[in-house]
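Below is one structure, written out as structure tokens; comments come after it.
For reference, positions follow the sequence shown, starting with 1. In each ligand, atom 1 is the first atom listed, and ligand 1 is the first ligand listed.
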Amino acid sequence: MNFAYWLERAALTRGDLLAVASGEAQTASYEDLARRSAAMARGLRETYRLSPGDRVAIAAKNHPAYLEALFAIWWAGLVAVPVNAKLHPTEVAWIVEHSQSQAMFCSSDLAPALSGLDLGLRALVCFGDAEHERLTALEPAPLTARSGQDVAWLFYTSGTTGRPKGAMLTHSNLVAMSLAHLVDVDPTAPGDALIHCAPLSHGSGLLCLPHVCQMGVNVVPESGGFDVSEMLALLRRWKRASFFAAPTMVRRLAEAPEEIEAASIRSIVWGGAPMHMADTLKALDRFGPRLAQLYGQGESPMTITALSTREAEDREHPRWQERMMSAGTVRSVVEVIVAAAQEKPLPAGELGEVLVRGETVMAGYWRDAEASATALQGGWLHTGDLGSFDQEGYLTLMDRSKDLIISGGSNIYPREVEEVLMSHPGVREVSVIGRPDPEWGEIVVAYVAGEATPEELDSVCLERMGRFKRPKDYVFVPSLPKSNYGKVLKTTLREQDAKRSLEHDANGSQGAHSAADAPEMSR
Ligand code: AMP
């Protein structure tokens, strides 16, 4: 089934309902959205002579036309390739070439850089330009039939190491993801709002699918992203709103001094990176039990485990805090095990790699048979995440296996050290990495944003964990390097740290407990 059918059905049955809003203003009903998407679908098929299965890239900041473009692509039976808008033009070019995209939509801010590249496209359509207007005014095309196995979305992973890989997400994968979201995480009713403050090329774009299925309102902030005061205004304007946010966004909202009418928020769905307990508690105090957590990855989009708002409500439970620290329980459409080797499940309490099998797991990586075989070995998706289940089926994630620190032969999990450091009230953000060391193999280094001294942090560590886990160096920075999706980039941090260590060696200084400038970076 082609899930763009959900849009056709919405237009037919409740075409009057609002589908898209730009900030506080209404822009398109379901009837408008279906008509404009179907019109553009005709343009893609007839003007650009694209055939079902051909790829069409989108490189744009969040914009109301983004949703129309996505549905036009699917309506025409094509494959969408949403690209992170903050990538460098040469990185965008790499994805366009690798995906063999034939056409591309872009926002006007990116058009000058992209039109200067030789991308071999049949068309580069900029939102709002004359060609875009022409396409939306064509005679609507009929919906193209697709099977569940056909690819709908090539999801290029963040690529923190090496080139990004394109996870092939099929129509069946995304139908399963959407229905499981409505069942496990966030029952949605017609007219409920979803505010797209996170990039549509990633989680927020994926979550627009269950919302279109249920005829919700897709609200695209005018800033095209996350801005605290705009979010507060949108939360006042749109009732029963939900939004997908990275942990850093949740923290910034929770710390906003302004009044927030929390009761009208339906849910705050967060994921993509761990949230430290101190931040979770702050957010729960501020918003009440409206927090739901998703653990997923591009290869099993938004769907591995979840911690629903019901769990947040159950404060009386003796292990409530432990549960809030976990990534929740296995989703309805997948099986999840923790394994050490050969896909053999480990008992509860033991740490291993998280493996996933089921309806949302990708068909493989686009044009990368070797990486597909490795990732899907033994019929399970190997996530590269380390975790353990408790006796009641709650999964606690530790770190990516490549982020594990081995110092003097002992395993040190950065997340555990970060949790302890975050308990100091002056610490705003922290990331712990391993620095190569001739004596210890690696030493623990903490990058800290906030107001604290190394001595204070040392004493917090000594109170709460084994001495050997205590950072040997603290580097104070204004902020941590993060991706466009709000993930702290540990690989970038390690690179910066290596550069810093070299500079310090050259200057003959030791570098301990020092301040450094960490430029905001995004990939
Ligand atoms: P991406 O494919 O870019 O969505 O990144 C997926 C990765 O983000 C996962 O493999 C995890 O390492 C991390 N991640 C996603 N959700 C969570 C979560 N709720 N808690 C901790 N880490 C997460």
Practice problem: May I have the step-by-step check of side-chain hydrogen bond (donor to acceptor under 3.5 Å, both in side chains) for H63 and S107, ending in yes or no? | Solution: CA-CA 8 Å; H63 189 289; S107 45; over 6 Å; no

Self-check item: Close approach of H202 to ligand 1, heavy atoms, under 4.0 angstrom
Solution: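 Heavy atoms of H202 do come under 4.0 Å of ligand 1.
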
Nitrogen or oxygen of [X] less than 3.5 angstrom from that of ligand 1:
| X | answer |
| --- | --- |
| G271 | no |
| L294 | yes |
| W270 | no |
| T383 | no |

Practice problem: Please assess R494 against K490 for the test side-chain contact (heavy atoms from CB on, under 4.5 Å), listing each intermediate value before the final yes or no. | Solution: CA-CA 6 Å; R494 280 192 286 263; K490 288 205 187 232; 4.1 Å; yes

Exercise. Check the pair E311 / R319 against salt bridge (Lys or Arg N to Asp or Glu O under 4.0 Å), numbers first and verdict last.
Key: CA-CA 11 Å; E311 310 275 359; R319 283 184 303 290; over 6 Å; no

Quiz prompt | Test side chain to side chain contact (heavy atoms under 4.5 Å, CB included) applied to L232 - qualifying residues, sequence neighbours left out | solution =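 Applying side chain to side chain contact (heavy atoms under 4.5 Å, CB included) to L232 gives V228, R236, L253, A256, E258, I260.
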
Quiz item: Should one rank A273, G203, A327 by closest heavy-atom distance to atom 20 (N) of ligand 1, which comes out on top?
Solution: A273

Under a 4.0 angstrom heavy-atom cut-off, which atoms of ligand 1 come close to [X]?
| X | answer |
| --- | --- |
| Q293 | 18 (C), 19 (N), 20 (N) |
| L397 | 20 (N), 21 (C), 22 (N) |
| D385 | 9 (C), 10 (O), 11 (C), 12 (O) |
| G298 | 1 (P), 2 (O), 4 (O) |
| K487 | 1 (P), 3 (O), 4 (O), 5 (O), 6 (C), 7 (C), 8 (O) |

Quiz item: Does the separation of the ring centres of W74 and F3 fall below 6.0 angstrom?
Solution: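 Yes; F3 has its ring centre under 6.0 Å from that of W74.
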
Quiz item: Is the H202-F155 ring centre distance short of 6.0 angstrom?
Solution: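 Here the rings of F155 and H202 have centres that are less than 6.0 Å from each other.
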
Exercise. Classify the ring geometry between Y156 and H98 as parallel (under 30°), tilted (30 to 60°) or perpendicular (over 60°).
Key: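 Taking H98 first and then Y156, their aromatic rings stand perpendicular (interplane angle over 60°).
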
Quiz item: Considering only heavy atoms, does R400 approach ligand 1 within less than 4.0 Å through its side chain, its backbone, both, or neither?
Solution: side chain

Practice problem: Determine whether the side chain, the backbone, both or neither of T157 has a heavy atom under 4.0 Å from any heavy atom of ligand 1. | Solution: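 Looking at T157 and ligand 1, no heavy atom falls under 4.0 Å.
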
Quiz prompt | Greater than 12 external heavy atoms within 6.0 Å of Q102's CD | solution =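 Atom CD in Q102 is crowded, with more than 12 foreign heavy atoms closer than 6.0 Å.
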
Quiz item: Does any pair with a residue in residues 363-378 pass side chain to side chain donor-acceptor pair (under 3.5 Å), and if so which ones, sequence neighbours excluded?
Solution: E299-Y365

